[in-house]
Amino acid sequence: MLPITLIREKAEFVKERLAIKNFDASEIIDRIIEHDVERRALQTRLDGVLAESNKLSKEIGMLYKEGKRDEAEIAKAKTVGLKEQSKLLEEKMKEIEGMLTDELVLLPNIPHECVPCGNSDKDNKVVREDGEKPKLSDDALPHWELLEKYGLMSLEYGNKLTGSGFPVFYGKGAKLQRALVAFFLDRAVEAGYTEYIPPLMVNKESAFGTGQLPDKEGQMYHVTDDDLFLIPTAEVPITNIVRDEILKEEDLPLKMAGHSQCFRREAGSYGKDVRGLNRVHQFEKVEIVQIVHPDKSYEVLDDMMEHVASLLSALDLPYRILRLCGGDITFASALTYDFEVFSAGQNRWLEVSSVSNFEVFQSNRLKTRFKDKQTGKTRLVHTLNGSAMALPRIIAALLENNQTPEGIVVPDVLRPYMGCDIIS
RNA sequence: GGAGAAAUGGCAGAGCGGUUGAAUGCACUGGUCUUGAAAACCAGCAUACCGAAAGGUAUCGGGGGUUCGAAUCCCUCUUUCUCCGCCA
């Protein structure tokens, strides 16, 4: 949610920037400004009425103390009209405030100035490509066949237990999953992140805070009896830890990491693109989150990118980094870099991480501020997060790229966690 | 699940119908003193909104109500603690 002050002061600028996201905001912004003006006028009137009635009440108190009952009764009579007025104004106020938030919530975050124009993933800009693509023999297999061949995972079990898109890992497959999670978490902790184990369900307020509600309700599993949502990413509970908090400037940056199961409904496409582990309803991910001083957030974004890049290098996976264009960047993000690994068995790039700076878009919803030491005022923090990393596609790429006639070669860094060099 | 108690500023903790946005202590910030520090003393120290400012309004777990007036009374929800039951 963009701060109302920004829209009030720089309406045209906001409209122009949102056009990069192919979002025509002119009508909404005009309405917001109208309602904002109306709201402020209303508040001035309301405050005046309340001030008068407060004054009267005090006078009545004094009169009673002095024993002037008759005068007190007269004053009491005067408050009746004021009360009616304030009730009316308060109702109007609530109504207009409701409309304002409903409108504000419709606006996406304004993209950073380096975000390229574009409509689809074709317009994303490759900013780095690193690592060597393996040369596989002609009989190389895609990961879904490798998973079956080596007895690592079953979609059929998941299908029986739950439904499609719920993979069941077992044996070395389960171990590989555990190894990757441990490896990613250890790296995050080494990089200064504090490890969290968050709840896997969140309430409405949390889902709203990070921007899943109201617009992306359909992508989350909803536990209706308790009105809770299964998290689509650990970003949601972890970032919400600082909801409604005023942090000390010296406490920034807050670096938090967490592993969780992630649940995504993602109704939609079928076929080759979603085969095997390419897209599933439940998967594991390690997420890194930072809550930072607004002047530092782009530095931190780079820092987080390098962290993710170092993980991929350590796993020896060829990857590329894309700066997402206006049409592909998410609603809440100001700047997003996607990481894709090359999956040789499918001969395609798979998205494994997404690192974003949300600037004040989330913190304005979350009401997460810090006290500026210089000015003594409260300011909104910037929030950032990134996957470090999502497991299924990493596993897909690892299996495909490291396949040999003898089995799947385990990357060096995972061997201590796996307790073996090869999956055969 | 049953019974009881509680929820106040960064923390501790008063207030239990009238000038209380809230005593007091601690913490914190600035100053005086000091060679420096400590101690002592003085001052400041919640958030949001409206307003050019002066100032005003709202907020004492959330929501609703009684009243001219609510931190204080009533209803309701939530959370925490104690006791009992059940259970990984």
Chemist: Could you tell me whether Lys87(A) contacts a base, only the sugar-phosphate backbone, or nothing, with contacts defined as non-hydrogen atoms closer than 4.0 Å?
Modeler: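 Result for Lys87(A) = nothing.
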Chemist: Which nucleotide, in any strand shown, forms a Watson-Crick or G-U wobble pair with U67(B), with both distances under 3.5 Å?
Modeler: none
Chemist: Partner lookup for A7(B), please. Criteria are Watson-Crick or G-U wobble with both distances under 3.5 angstrom; report none if nothing qualifies.
Modeler: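 Here A7(B) is engaged in a pair, and the nucleotide opposite it is U78(B).
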Chemist: Less than 6.0 angstrom from the centroid, inside 45 degrees of the normal: does Arg178(A) satisfy that with respect to the ring of Tyr417(A)?
Modeler: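 No, Arg178(A) and Tyr417(A) do not form such a contact.
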Chemist: Provide the distance between the two C1' atoms, one in U8(B) and one in G61(B), to the nearest whole Å.
Modeler: 10 Å
Chemist: Quick one: look up who U57(B) pairs with, Watson-Crick or G-U, both distances under 3.5 Å, and put none if it's unpaired.
Modeler: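 Base-paired to A48(B).
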Chemist: Checking all strands, does Ser57(A) fall into the base, sugar-phosphate, or nothing category for heavy-atom contacts under 4.0 angstrom?
Modeler: base
Chemist: Could you give the distance separating C26(B) and G13(B) at their P atoms, to the nearest angstrom?
Modeler: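 My reading of the P atoms in G13(B) and C26(B) gives 15 Å.
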Chemist: Taking the six-membered ring for Trp and the single ring otherwise, decide whether the centroids of Phe184(A) and His259(A) are under 6.0 Å apart.
Modeler: no
Chemist: Scan nucleotides 45-58 of chain B nucleotide by nucleotide, 5' to 3', and note B when protein non-hydrogen atoms come under 4.0 Å of the base, S if they reach only the sugar-phosphate, - if neither.
Modeler: -SSSBSS----BSS
Chemist: Which value, rounded to the nearest 0.5 Å, describes the distance between Leu277(A) atom CG and Glu400(A) atom CD?
Modeler: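 Here the interatomic distance stands at 9.5 Å.
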Chemist: Output the residues of residues 96-104 of chain A in contact with RNA chain B, where contact means a heavy atom of the residue under 4.0 Å from an atom of the strand; sort by number or write none.
Modeler: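 Those residues: none at all.
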